[in-house]
Amino acid sequence: MLTSRPRGTEDILPEEINRWYFVENTARQVSRLYGYREIRTPVFEHTELFNRGVGDTTDIVEKEMYTFTDRGGRSLTLRPEGTAPVVRAFLEHHLEAGGLPVKLFYLGPMFRYGRPQAGRLRQFHQFGVEAFGSRDPALDAEVIALAMDFYNRLGLKELELHLNSVGCPACRPRHREKLQEYLRPYLGDLCPTCQGRFDRNPLRIFDCKNTVCQEIVAGAPTIVTCLCPDCGQHFARVQEYLQELAIDFILDERLVRGLDYYTNTAFEIMVKGIGAQGSIGGGGRYDGLVEALGGKPVPGIGFGLGLERILLALEAQGREQVPGGGVDVLVVTAGTGAEKVAVRLLADLRAAGLKADKDYLGRSLKAQMKYANRYPARMAVILGEEELARGRVLVRRLDSGVQEEIPLDAAAAYCRQEKERGFSG
RNA sequence: GUGGGUGUAGCUCAGUUGGUCAGAGCACCAGGUUGUGGCCCUGGGGGUCGUGGGUUCGAGUCCCAUCUCCCACCCCA
């Protein structure tokens with residue numbers, strides 16, 4: 001079908017745009033409050049950036065990327081996430097030159113190829129922040145606080161903040177060894193997927209939903225118990241700061257970031273009632289990423305939040321935004337000879353800051369009034385031949401039906417007054 | 001990528017065992033009120049019944065394929 005959108009994409013229609021304005025405006029507002037500045041990167045990048053920045057063995061790179069070759073033979077990819085591009089821009093423009101830390105936020109579409117379902121699209125939108133240049137656990141807490149503040153301002157309730165530490169390249173191998181040591185006797189009992197994970201990424205076994213695997217892994221050594229002193233202290237500090245900020249969290253040792261570049265803090269925000277995909281955002285620290293992408297070792301931490309899922313959650317919690325279409329005034333003509341006056345008056349109304357429109361389909365007076373009612377318009381200014389001959393117009397309120405005759409020259413000012421009166425009473 | 005469900009007017013949906021089955025409500029347009037909306041009445045426009053094959057004298061109704069959307073898995077936002 002020519003008239004159908006590509007699978008997994010959505011049109012955001014005029015009647016729902018206010019919901020998006022609300023979420024986007026809140027994101028910008030709260031970001032600025034915390035000292036983050038907006039950055040806009042391209043929607044496509046060199047494929048290599050994601051291969052290296054996201055990780056070759058991740059599902060995203062292995063089977064979810066929109067990769068294509070352009071006319072110059074370059075391999076490009078529609079960005080599946082926001083962190084790697086921001087790191088690339090950070091390096092390309094030497095943003096560290098302005099002094100660290102560098103705190104950035106972004107808002108925009110991401111692309112992942114997969115089967116669409118509730119809360120999962122092929123093109124979706126994220127609000128994200130990235131902070132470079134500090135390992136201070138207070139910054140971890142700030143980033144998490146920013147996310148929670150954002151949700152609160154939207155009015156979202158019943159959120160669960162899951163928190164974990166995945167350690168660093170020094171302490172992680174130790175945990176891996178201990179974990180494998182523990183699991184080895186049960187290897188044959190694990191599900192086939194987890195048997196494969198045993199060598200590649202035993203951490204993922206914590207995530208398995210298979211009940212047998214869960215039972216086995218229940219007694220396994222968690223990462224937190226194997227953290228080196230530095231990482232252990234960092235994690236403890238993050239928790240202290242969160243407590244200081246009165247932010248509740250759930251320690252979740254099963255929360256895992258699969259990539260090598262992720263270090264220490266990992267977090268995810270869950271909400272119920274939006275389908276099987278309960279995560280509305282996640283993030284963590286990535287002290288190895290900037291270096292992996294060719295920069296000096298600069299630590300970083302950030303998050304990405306899914307806007308569609310947030311909108312779903314707002315809807316599920318009955319926090320719908322009012323549509324907010326409509327117009328203050330509809331200019332209506334009765335009889336002939338008023339067309340030019342109508343165009344002129346319309347311009348005056350708009351100049352006076354009123355939302356105003358007129359009929360462009362040559363409708364009858366009655367049809368124009370119906371149009372005004374349905375638009376909806378708060379007032380109709382009716383240009384009738386008789387009144388116009390005396391330099392006057394009729395201003396009718398659509399709610400009460402009260403109508404008054406006003407000099408044409410004073411009509412815009414009068415409408416303005418009426419509008420303001422309407423707000424107070 | 002795997003599995004289940006689904007697909008009839010702009011929207012929400014009826015459509016019996018294949019034979020006026022192409023309908024209703026809402027929406028839209030017009031008229032009832034030759035200068036006034038919201039209620040009511042009357043009338044009207046609008047559908048390749050997702051698409052392509054097949055079975056049949058005959059298919060929206062049966063079969064196959066394909067696409068879409070929905071839901072779940074994998075995984076994530």
Side-chain angles (χ1 to χ4, degrees), chain A residues 1-10 13 15 54-55 57-65 79-83 108-128 147 191-194 196-197 201 204 207-210 255-259 268-271 274-283 303-313 330 332-338 359 361-388 393-403:
Chain A
M1 271 290 182
L2 193 59
T3 55
S4 72
R5 60 194 188 275
R7 181 170 201 188
T9 63
E10 269 182 357
L13 301 175
E15 58 188 29
V54 178
T57 62
T58 57
D59 276 18
I60 289 179
V61 171
E62 279 181 350
K63 54 180 205 183
E64 292 181 351
M65 295 211 299
R79 61 180 182 200
E81 57 96 43
T83 302
M110 305 293 162
F111 306 84
R112 291 182 202 172
Y113 188 93
R115 283 284 191 92
Q117 75 184 73
R120 171 180 287 136
L121 294 165
R122 289 182 175 176
Q123 177 177 172
F124 60 101
H125 296 76
Q126 282 193 336
F127 159 46
C191 73
T193 316
C194 285
R197 285 166 169 161
N201 195 346
R204 281 241 170 274
D207 257 343
C208 188
K209 280 158 189 161
N210 182 298
L255 178 59
V256 165
R257 304 266 113 175
L259 318 188
E268 187 163 348
I269 298 91
M270 319 282 280
V271 69
I274 60 169
Q277 262 58 53
S279 171
I280 55 170
F303 64 61
L305 315 183
L307 268 31
E308 281 82 358
R309 288 187 187 175
I310 288 170
L311 256 7
L312 278 177
L330 190 78
V332 167
T333 56
T336 54
D359 164 62
L361 295 180
R363 283 188 259 238
S364 67
L365 171 61
K366 177 179 174 169
Q368 288 179 74
M369 289 305 293
K370 211 166 179 177
Y371 182 42
N373 190 57
R374 195 151 270 296
Y375 202 114
R378 303 159 72 111
M379 292 171 263
V381 176
I382 302 163
L383 309 182
E385 283 177 82
E386 285 175 26
E387 293 84 355
L388 233 36
V393 299
L394 296 170
V395 177
R396 182 182 179 91
R397 293 199 56 113
L398 273 295
D399 50 5
S400 61
V402 174
Q403 142 178 329

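Here is how names work: the chains are called A, B, and so on, in the same order as the sequence lines, proteins then strands, and each is numbered from 1.
At distances below 3.5 Å, at least one donor-acceptor pair connects side-chain atoms of A:Arg309 with backbone N or O atoms of A:Ser279. A donor-acceptor pair is defined here as one N or O able to donate and one able to accept, closer than 3.5 Å; no such pair exists between the side chain of A:Gln123 and the backbone of A:Glu10. When atom types are taken as modelled, the side chain of A:Arg112 and the backbone of A:Pro80 share a donor-acceptor pair closer than 3.5 angstrom.
Comparing A:Leu398 and A:Ala118 against RNA chain B, the residue whose closest nucleotide sits nearer the 5' end is A:Leu398. RNA chain B is contacted by both A:Phe124 and A:Tyr113; A:Tyr113 maps to the nucleotide lying nearer its 5′ end (nearest heavy atom per residue).
Within the 4.5 Å cutoff, the side chain of A:Gln403 has heavy atoms near those of the A:Ile382 side chain. In this structure, the side chains of A:Ile60 and A:Met65 come closer than 4.5 Å at one or more pairs of heavy atoms. Using a 4.5 Å cut-off on side-chain heavy atoms (C-beta onward), A:Leu394 and A:Val381 make no contact.
In the interface, the side chain of A:Gln368 is not paired with the base of B:U36 through any donor and acceptor atom under 3.5 Å apart. Between the side chain of A:Glu387 and the base of B:G35 there is at least one donor-acceptor pair of N/O atoms closer than 3.5 Å. Interface remark: the A:Arg112 side chain does not form any donor-acceptor pair with the B:C75 base, using a distance-only criterion of under 3.5 Å. Between the side chain of A:Gln277 and the base of B:C75, a donor-acceptor pair under 3.5 Å is found. For A:Arg374 against B:G38, a side-chain-to-base donor-acceptor contact under 3.5 Å is absent. Side-chain atoms of A:Arg115 come within donor-acceptor range of the base of B:G3, with a qualifying N/O pair under 3.5 Å.
The pairing partner recorded for B:G1 is B:C73, the criterion being a Watson-Crick or G-U wobble arrangement whose two distances lie under 3.5 angstrom. Both distances falling under 3.5 Å, in either a Watson-Crick or a G-U wobble arrangement, place B:A24 opposite B:U12.
Whole-Å rounding puts the A:Glu81 CD to B:C75 C1' distance at 15 Å. In this structure, A:Glu10 atom CD and B:C69 atom P are separated by 10 Å, rounded to whole Å. A:Leu330 has its CG atom 16 Å from the P atom of B:U36, to the nearest Å. Atom CE in A:Met379 sits about 15 Å away from atom C1' in B:G37, given to the nearest Å. What separates NE2 of A:His125 from P of B:A77 is a distance of 16 Å, to the nearest Å. Between the P atom of B:A77 and the CG atom of A:Leu255 lies a distance of 10 Å, rounded to the nearest Å. At whole-Å resolution of the value, CZ in A:Arg7 and C1' in B:U66 are 12 Å apart. Spacing between atom CD of A:Glu268 and atom P of B:A77 amounts to 7 Å, rounded to whole angstrom units.
The shortest distance between the side-chain N/O atoms of A:Arg309 and the OP1/OP2 oxygens of B:C76 is not below 4.0 Å. Regarding contacts with the backbone of B:A72, a side-chain N or O of A:Gln117 is found under 4.0 angstrom from either OP1 or OP2.
At the heavy-atom level, A:Gly8 lies under 4.0 Å from the strands shown only through sugar-phosphate atoms. Residue A:Lys63 is classed as a base contact, given a heavy-atom separation below 4.0 Å to a base. No engagement by A:Leu307 is indicated, since no non-hydrogen atom pair under 4.0 Å with the nucleic acid exists. At the heavy-atom level, A:Glu308 lies nowhere under 4.0 Å from the strands shown. A:Leu121 comes within contact range of at least one nucleobase, with a heavy-atom separation under 4.0 Å. Counting any heavy atom pair closer than 4.0 Å across all strands shown, A:Gly275 reaches sugar-phosphate atoms only and no base atom.
Comparing B:G53 with B:A59, their C1' atoms sit 14 Å apart, to the nearest whole Å. Rounded to whole Å, the C1' atom of B:G31 lies 32 Å from the corresponding atom of B:G15. When the P atom is compared between B:A14 and B:C62, the two are found 15 Å apart, to the nearest whole Å. Using P as the reference atom, B:U68 and B:G47 are 26 Å apart when rounded to the nearest Å. Atom C1' of B:G58 sits at a distance of 45 Å from the matching atom of B:C40, rounded to the whole Å. A gap of 27 Å separates the C1' atoms of B:G3 and B:U61, to the nearest Å. For the C1' atoms, the distance linking B:G46 with B:C28 amounts to 9 Å, nearest Å. Separation of the P atoms belonging to B:G45 and B:U34 is 25 Å when rounded to the nearest angstrom.
Each of B:A77, B:G35, B:C75 was ranked by its minimum atom distance to the side chain of A:Glu386; first place goes to B:G35. The side chain of A:Arg363 lies closest to B:A30, out of B:G35, B:G32, B:A30. For A:Ala334, taking side-chain heavy atoms from C-beta onward, the closest of the listed nucleotides B:G35, B:C75, B:G32 is B:G35.
No more than 12 heavy atoms of other residues, nucleotides or ligands shown are found within 6.0 angstrom of OH on A:Tyr113.
Atom-to-atom distance recorded for A:Ile280:CD1 and A:Leu305:CG is 7.5 Å, nearest 0.5 angstrom.
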